[in-house]
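Down below is the structure, laid out as structure tokens.
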Amino acid sequence: MPIIAWTEAMSVGNAALDKDHQKLIGMINDLDQSAPDFLELFNAVLDYTNGHFDREETHLEAIGFPGLDAHRVQHDDFADQVADMLKQFRAQPFDPADTRLKDFLWSWLKGHILIEDQRYAAWTRAKGG
Ligand SMILES: [Fe+2]
């Protein structure tokens, strides 16, 4: 799995949230499902992700972003999908060549940052913030 890099196109115009996204991308890049402590590392990613979602939602609430409810649904939906995948992994660890877990994390996060998070970034810019 190639190393994925944060790019300017992912910036949401908020330094703390950009930093969160950079950290998450780094954590996902470092995930290795063949590592003996994989589940621990994976849980650390989930913890960080949940903390990030809270920080992001708090920010969106503070700025009065009108799409907050829909955005929260996206976050909750991701949490459900990851919990489901984790259940599958615990029941039967995926083969090291089976990259669906990391592919899912990465494609979701990338799509979310580039599309969904850009909605509040654009909204903030439009109102002069
Ligand atoms: Fe988000």
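Each ligand, and each atom within it, is numbered from 1 in the order the structure gives. Bear in mind the structure is a predicted one, so any value in this text is a computation, not a measurement. Hydrogens, waters and symmetry mates are skipped; everything else that's a heavy atom, side chains included, is used.
- With hydrogens and angles ignored, the 3.5 Å screen pairs no side-chain donor or acceptor of Gln33 with any backbone N or O of Leu39.
- The Fe ion (ligand 1) has an N, O or S atom of His112 inside 2.8 Å of it.
- No side-chain N or O of His112 forms a donor-acceptor pair with one of His21 less than 3.5 Å apart.
- Restricting Glu56 to its N, O or S atoms, the one at the least distance from the Fe ion (ligand 1) is OE1.
- Under the 30°/60° scheme for interplanar angles, the aromatic rings of Phe89 and Phe38 are found to be tilted.
- Taking the Fe ion (ligand 1) as reference, His71 places its N/O/S atom NE2 nearest.
- Of all the N, O or S atoms in Asp117, the one closest to the Fe ion (ligand 1) is OD1.
- With 3.5 Å as the limit, one finds a donor-acceptor pair spanning the side chains of His75 and Glu57.
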